[in-house]
Amino acid sequence: MVVRRDSAVGERSPDGGRKPARAAKRAVTAAPAASGVPAASDGGAAPDAAAASSSSAPPRGESRTALVRRARRIDRELAEVYPYAHPELDFENPFQLVVATVLSAQTTDLRVNQTTPALFAKYPTPADLAAADPLEVEEILRPTGFFRAKTRSVIGLSAALAEDFGGEVPGRLEDLVKLPGVGRKTAFVVLGNAFGRPGITVDTHFQRLVRRFRWTDETDPGKIETAVGALFPKKAWTDLSHHVIWHGRRICHARKPACGACPIAPLCPAYGEGETDPEKAKKLLKYEKGGFPGQRLKPPQAYLDAGGRPAPPLGSG
């Protein structure tokens, strides 16, 4: 069985921050990967041993050096598959991003993107949203689920921004996590994508994949963040998060991973947990890999150039 890497090219970020990635031309033969798969070094220095937590101990005889090399090679491969990986929440400024990220809990980014245009049209600033009638906000947020709790959070964080930060979203982790509804995951989304400050976003997809990759066996998000962060240079953390999360949403699904369509199958110790037949696996692909629209109504131009399609607006059928 042969798995071929996607040849789509484009830029990762909405700002066009990365040069177009080269199309992958070689094919790799997929087979269950041994935990000690040899991989060429990416030339970067391995994390200091003292910085690595015991939670990132190599699996089943794989040396620490081999683990670092394999992890970084997986990230490089995913960067070629998803050269246009970016935040999948629509936003135009840090305030919109922090609100959208809070709203994304227990729902899809697509649903949030279909809902926030009406919210931001009516309440464009923290001061506006802080002074809003909760019942009116609840009605707008109803499609995202848990709309009463989310209404309290977004009104509360807006009030905090207006009162404590002059209506501006702070660019420090310690300030962001003080806002209602904002934890470390949300804070790192905002820091990495609105301020360009590296951070690892440990969402459900990230947690699932790093355990399948055997980068760590930890289940606590904070410990996962520490363990995975020790395998990569800090400057790579935000892009790494995008690559892993995109792969989890499109190919390495929770219930039915499409192993037969996975471009990193030879590097993955969990190969075989999902469908290995290439044709059957192809039918499991989601979003642009399966021919469906992506999550954003207003995606980066590079995503569109690479063949991606914007999501439909709310109520379009």
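One is the number of the first residue; the rest follow in order along the sequence.
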**Request:** State, with a plain yes or no, whether a side-chain heavy atom of Leu97 is found less than 4.5 Å away from one of Val169.
**Result:** no
**Among Lys289, Glu88, Lys286, the one residue meeting side-chain contact (heavy atoms from CB on, under 4.5 Å) with Arg249** = Glu88
**Message:** With a 4.5 Å cut-off on side-chain heavy atoms, are Phe232 and Asp75 touching?
**Reply:** yes
**Asked** What are the two closest heavy atoms between Arg211 and Thr219, and how far apart are they?
**Response** NH1-CA, 3.7 Å
**4.5 Å side-chain heavy-atom contact, Phe188 and Leu173** = yes
**Item:** Atom pair CD1 (Ile245) and CZ (Arg208), whose distance is rounded to the nearest 0.5 Å
**Value:** 10.5 Å
**Item:** Ser241 side, atom OG; His205 side, atom NE2 - distance, nearest 0.5 Å
**Value:** 13.0 Å
**Presence of salt bridge, Arg70 and Glu62, under 4.0 angstrom** = yes
**Item:** Cationic N near anionic O, under 4.0 Å, Lys178 to Glu174
**Value:** no
**Request:** Evaluate the criterion side-chain contact (heavy atoms from CB on, under 4.5 Å) for residue pair Phe95 and Thr125; output intermediate values, then yes/no.
**Result:** CA-CA 8 Å; Phe95 171 60; Thr125 70; 5.5 Å; no
**Request:** Just do the salt bridge (Lys or Arg N to Asp or Glu O under 4.0 Å) check on Glu279 and Lys283 with the steps written out, would you?
**Result:** CA-CA 7 Å; Glu279 293 304 315; Lys283 296 178 181 179; over 6 Å; no
**Message:** Between Asn193 and His242, is there a side-chain donor-acceptor contact under 3.5 Å, judged purely by atom types and distance?
**Reply:** yes
**Complete:** Heavy-atom closest pair (Ala261 atom, Ile251 atom, distance to 0.1 Å) is O-CD1, 4.0 Å
**Pairwise side-chain contact, Leu119 with Val137, heavy-atom cut-off 4.5 Å (strictly under)** = yes
**Item:** 4.5 Å side-chain heavy-atom contact, Ile74 and Phe213
**Value:** yes
**Step-by-step side-chain contact (heavy atoms from CB on, under 4.5 Å) determination, Thr144 to Leu141** = CA-CA 6 Å; Thr144 68; Leu141 301 185; 4.2 Å; yes
**Prompt:** Rounded to the nearest 0.5 Å, how far does CD1 of Ile155 lie from CD of Glu138?
**Reply:** 8.0 Å
**Request:** Using modelled atom types only, decide if a donor and an acceptor are shared between the side chain of Ser104 and the backbone of Thr101 within a distance under 3.5 Å.
**Result:** yes
**Request:** To the nearest 0.5 Å, tell me how far Glu273 CD sits from Cys259 SG.
**Result:** 7.0 Å
**Request:** Please say whether more than 12 non-hydrogen atoms of neighbouring residues, nucleotides or ligands are located less than 6.0 Å from CD in Gln106.
**Result:** no
**Prompt:** For Trp246, is the NZ or CZ atom of Arg250 found under 6.0 angstrom from the centre of its six-membered ring and inside 45 degrees of the ring axis?
**Reply:** yes
**Item:** Side chain His247, main chain His243, donor-acceptor under 3.5 Å
**Value:** no
**Asked** Are the side chain of Gln114 and the backbone of Pro312 linked by a donor-acceptor contact shorter than 3.5 Å?
**Response** yes
**Derivation of the salt bridge (Lys or Arg N to Asp or Glu O under 4.0 Å) call for Glu225 and Arg184** = CA-CA 10 Å; Glu225 180 189 321; Arg184 288 180 68 87; 2.6 Å; yes
**Message:** If hydrophobic clusters are built from ILVMFWY residues whose side chains come within less than 4.5 Å, do Ile140 and Phe146 share one?
**Reply:** no
**Request:** Using a 4.5 Å cut-off on heavy atoms from C-beta on, say whether the side chain of Phe91 contacts that of Thr116.
**Result:** no
**Lys298 and Asp90 ion-paired at < 4.0 Å** = no
**Item:** Salt bridge flag under 4.0 Å for residues Glu136 and Lys122
**Value:** yes
**Asked** Arg73 side chain to Leu267 main-chain N or O, any donor-acceptor pair under 3.5 Å?
**Response** no
**Request:** If the plane angle is over 60° it's perpendicular, under 30° parallel, otherwise tilted; pick one for Tyr84 and Tyr82.
**Result:** perpendicular
**Asked** What heavy-atom pair brings Tyr123 and Ala132 nearest, and what distance separates the two atoms?
**Response** CE2-CB, 3.4 Å
**Prompt:** Given the rule in the side-chain contact (heavy atoms from CB on, under 4.5 Å) test, do Leu285 and Phe292 qualify, once you have shown the distances and angles that lead to the verdict?
**Reply:** CA-CA 9 Å; Leu285 302 183; Phe292 304 106; over 6 Å; no
**Asked** Can you find a heavy atom in the side chain of Leu89 that is under 4.5 Å from one in the side chain of Arg296?
**Response** no
**Prompt:** Any idea which heavy atoms bring Pro310 and Pro299 closest together, and the distance?
**Reply:** CB-CD, 3.7 Å
**Message:** Can you tell me which residue among Leu191, Leu161, Asp164 is in a side-chain contact (heavy atoms from CB on, under 4.5 Å) with Pro170?
**Reply:** Leu161
**Prompt:** Should Arg64 and Leu231 be marked as a side-chain contact (heavy atoms from CB on, under 4.5 Å) after you check the CA-CA gap, both sets of side-chain angles, and the distance that decides it?
**Reply:** CA-CA 9 Å; Arg64 176 73 188 178; Leu231 301 176; 3.5 Å; yes
**Asked** Would Leu110 and Leu103 show up in the same hydrophobic cluster when neighbours are defined by side-chain heavy atoms closer than 4.5 Å?
**Response** no
**Prompt:** Counting N and O atoms only, with roles assigned by atom type, does the side chain of Arg148 sit under 3.5 Å from a partner on the main chain of Leu135, one being a donor and the other an acceptor?
**Reply:** no
**Prompt:** Say you draw a straight line from CZ of Arg152 to CG of Leu157; how long is it, rounded to the nearest 0.5 Å?
**Reply:** 13.5 Å
**Prompt:** Have Asp203 and Gln207 got a donor and an acceptor in their side chains that come within less than 3.5 Å?
**Reply:** no
**Asked** Short question: side chain of Glu218, backbone of Asp220 - any donor-acceptor pair under 3.5 Å?
**Response** no
**Message:** Testing the basics here: between Gly181 and Val102, what is the closest heavy-atom pair and its distance to 0.1 Å?
**Reply:** O-CG2, 3.6 Å
**Prompt:** Just how far is it from atom CG of Asn113 to atom CG of Leu297, taken to the nearest 0.5 Å?
**Reply:** 6.0 Å
**Request:** Treating Ile, Leu, Val, Met, Phe, Trp and Tyr as nodes and any side-chain heavy-atom pair under 4.5 angstrom as an edge, say whether Val177 and Phe165 lie in one connected cluster.
**Result:** yes
**Message:** Check Arg172 with Asp175, please: is the shortest side-chain N to carboxylate O separation under 4.0 Å?
**Reply:** yes
**Prompt:** Any side-chain heavy atom of Arg72 within less than 4.5 Å of one from Arg76?
**Reply:** yes
**Asked** Hey, quick one: are Leu304 and Tyr287 part of the same hydrophobic cluster, counting side-chain heavy atoms closer than 4.5 Å, chains of contacts allowed?
**Response** no
**Nearest non-hydrogen partners of Val112 and Ala100, listed with the distance** = CG1-O, 3.7 Å
